[in-house]
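Predicted model only: the values in this text are computed from it and were never measured.
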Amino acid sequence: MARTQIIAGNWKMNKTVPEAVAFARELLQGADLTGVEVVLCPAFPALGPVVEALSGGPVRVAAQNVFWEDRGAYTGEVSPVMLRDAGCRYVIVGHSERRQYFGETDETVNRKVKAVLRHDLVPIVCVGERLSEREAGETFAVVERQVTGAFAGVGETAAAGMVIAYEPVWAIGTGRNAAPEDAQAVNRFIRELIGKLYTPAVAEQVRIQYGGSVTPENAAALLGQPDVDGALVGGASLEVESFRAIINAARRV
Ligand code: PGA
């Protein structure tokens, strides 16, 4: 069974509501978005407006973060109930910037993954090693620990529908992407790990993106790898033209 490529634009802390809505409208205009799943990940205030601007079309919306409780006295947090209500389909969980600046751990990532699944949303779980870990030869061990932690207690059916983004931390926002064969090696490793944690059938279904300095120039080579099922795009998703070029590269795979 062929896996549909999934291209997600992670805007991080960029774009006001009018800017986000204008991007969404422009993306829909004249673009052939068939054969690939396209996802936009705006900041919280723009989620509802972007969902509305995209309504009736094929592009889905993801939140960039979530808390694990449904409601209550958690000032500043946003629950999966609220994200679902806003029209999200996906939620990015455990992005390296959240692990680095906001203290997220494999355990909190797991709690968030389970909360997201409980509300019929789909997690995009981010994993990836830091430069020092790569240089110490720990890439596979780090990724194994993060994936195993994120999937703890998650059932087979839910796991098969999830998305994993392999994002080496040293490649994020640096202009230094992983070599396509290195991305392939880690994505393959993750797929085999999912096969061991679940079944080979689940491993075949789960989609594994690559993220970290993906651009229109390097997208085709990265997405052409057999175990790279899409991209989580930061900087190059901020302009419609470059994001569309990456979508087109995915359509040609
Ligand atoms: P980048 O970010 O494309 O700007 O490197 C990727 C990400 O953080 O998801």
Side-chain angles (χ1 to χ4, degrees), residues 4-67 71 74-98 101-102 112 115-116 119-126 163 165 167 172-173 207 209 211-216 219 223 230-251:
T4 305
Q5 291 262 328
I6 176 167
I7 304 296
N10 174 14
W11 290 343
K12 309 189 179 184
M13 202 174 68
N14 294 292
K15 294 194 190 296
T16 61
V17 172
E19 287 167 353
V21 168
F23 183 111
R25 291 204 179 116
E26 198 185 330
L27 182 66
L28 290 183
Q29 273 163 24
D32 188 348
L33 302 170
T34 55
V36 47
E37 188 171 4
V38 179
V39 182
L40 292 179
C41 320
F44 287 135
L47 284 175
V50 167
V51 166
E52 201 181 313
L54 294 170
S55 73
V59 179
R60 303 287 168 227
V61 173
Q64 298 173 16
N65 183 32
V66 66
F67 190 54
R71 63 188 60 77
Y74 303 101
T75 301
E77 293 299 313
V78 174
S79 86
V81 179
M82 295 164 181
L83 297 181
R84 172 120 182 125
D85 182 58
C88 290
R89 165 76 58 93
Y90 293 97
V91 184
I92 298 174
V93 180
H95 189 280
S96 68
E97 285 150 16
R98 298 219 51 90
Y101 305 130
F102 303 100
K112 291 181 177 197
V116 164
H119 293 284
D120 290 325
L121 293 158
V122 180
I124 299 175
V125 177
C126 300
V163 179
E167 300 204 301
I172 296 177
R207 288 183 293 176
Q209 298 173 307
S213 297
V214 176
T215 63
L223 297 172
L232 185 53
V233 186
S237 74
L238 292 173
E239 301 294 333
V240 173
E241 198 185 327
S242 49
F243 190 52
R244 199 178 269 157
I246 294 169
I247 294 167
N248 286 335
R251 293 182 60 236

Exercise. Tell me, do His95 and Ile172 make a side-chain contact under 4.5 Å, heavy atoms counted?
Worked result: yes
For this session: Report yes if some heavy atom in the side chain of Leu27 is under 4.5 Å from a heavy atom in the side chain of Val38; otherwise report no.
Result: yes
For this session: Please work out whether the ring planes of Phe23 and Trp11 are parallel, tilted or perpendicular, with thresholds of 30° and 60°.
Result: perpendicular
For this session: Please round to the nearest 0.5 Å and tell me the distance separating atom CG of Leu54 and atom CG of Leu33.
Result: 9.5 Å
For this session: Please check if the side chain of Arg71 supplies one atom and the backbone of Ser79 the other of a donor-acceptor pair under 3.5 Å.
Result: no
Exercise. What distance do Leu223 atom CG and Gln5 atom CD have between them, rounded to the nearest 0.5 Å?
Worked result: 5.0 Å
Exercise. What is the minimum heavy-atom distance between Ala20 and Val50, and which atoms define it?
Worked result: CB-CG2, 3.7 Å
Exercise. For Ala53, does its backbone N or O pair with a side-chain atom of Arg25 as donor and acceptor, under 3.5 Å?
Worked result: no
For this session: Return yes if some donor-acceptor pair links the side-chain N/O of Glu167 with the main-chain N/O of Ser96 below 3.5 Å, else return no.
Result: no
Problem set entry | Leu47 versus Pro42, closest heavy-atom pair with distance | CD2-CD, 3.7 Å
Exercise. Could you state the interatomic distance from CG (Leu40) to NZ (Lys15), rounded to the nearest 0.5 Å?
Worked result: 9.5 Å
Exercise. Counting distance only, does the side-chain N/O of Gln64 pair as donor-acceptor with the main-chain N or O of Cys41 below 3.5 Å?
Worked result: yes
Exercise. Do you know the tightest heavy-atom contact between Val17 and Pro45?
Worked result: CG2-O, 3.7 Å
For this session: Give the minimum heavy-atom separation between His119 and Ala115, together with the two atoms involved.
Result: CD2-O, 3.2 Å
For this session: Examine distances only and state if a side-chain atom of Lys12 and a backbone atom of Gly235 form a donor-acceptor pair shorter than 3.5 Å.
Result: no
Exercise. Going by heavy atoms in the side chains, are Ile92 and Asn65 under 4.5 Å from each other?
Worked result: no
Exercise. Is any NZ, NE, NH1 or NH2 atom of the basic residue among Glu37 and Arg207 found under 4.0 Å from an Asp or Glu carboxylate oxygen of the other?
Worked result: yes
For this session: Taking all heavy atoms of Leu238 and all of Asn14, pick out the closest pair and write down the distance.
Result: CD2-CB, 3.8 Å
Exercise. For the atom pair CZ (Arg244) and CD (Glu26), what is the distance rounded to the nearest 0.5 Å?
Worked result: 6.5 Å
Exercise. Within a strict 4.5 Å, meaning less than it, do heavy atoms of the Phe243 and Ile7 side chains meet?
Worked result: yes
Exercise. For Glu77, does the CD atom sit with more than 12 other heavy atoms under 6.0 Å from it, leaving out its own atoms?
Worked result: yes
For this session: Search all heavy atoms of Gly9 against all heavy atoms of Ser237 and return the closest pair with its distance.
Result: CA-CB, 3.5 Å
Exercise. Side chains of Val163 and Pro123: does their closest heavy-atom pair fall under 4.5 Å?
Worked result: no
Exercise. Taking Gln209 for the side chain and Ala231 for the main chain, is one N or O donor matched with an acceptor at less than 3.5 Å?
Worked result: yes
For this session: Under the side chain to side chain contact (heavy atoms under 4.5 Å, CB included) rule, what do Ile124 and Asn10 come out as? Steps first, then yes or no, please.
Result: CA-CA 11 Å; Ile124 299 175; Asn10 174 14; over 6 Å; no
For this session: Evaluate the side-chain proximity of Val66 to Val78: yes if any heavy-atom separation is below 4.5 Å, no if none is.
Result: no
Problem set entry | Any Val39 side-chain heavy atom under 4.5 Å of Val61 side chain | no
Exercise. So do the side chains of Val91 and Val122 get within less than 4.5 Å of each other, counting heavy atoms only?
Worked result: no
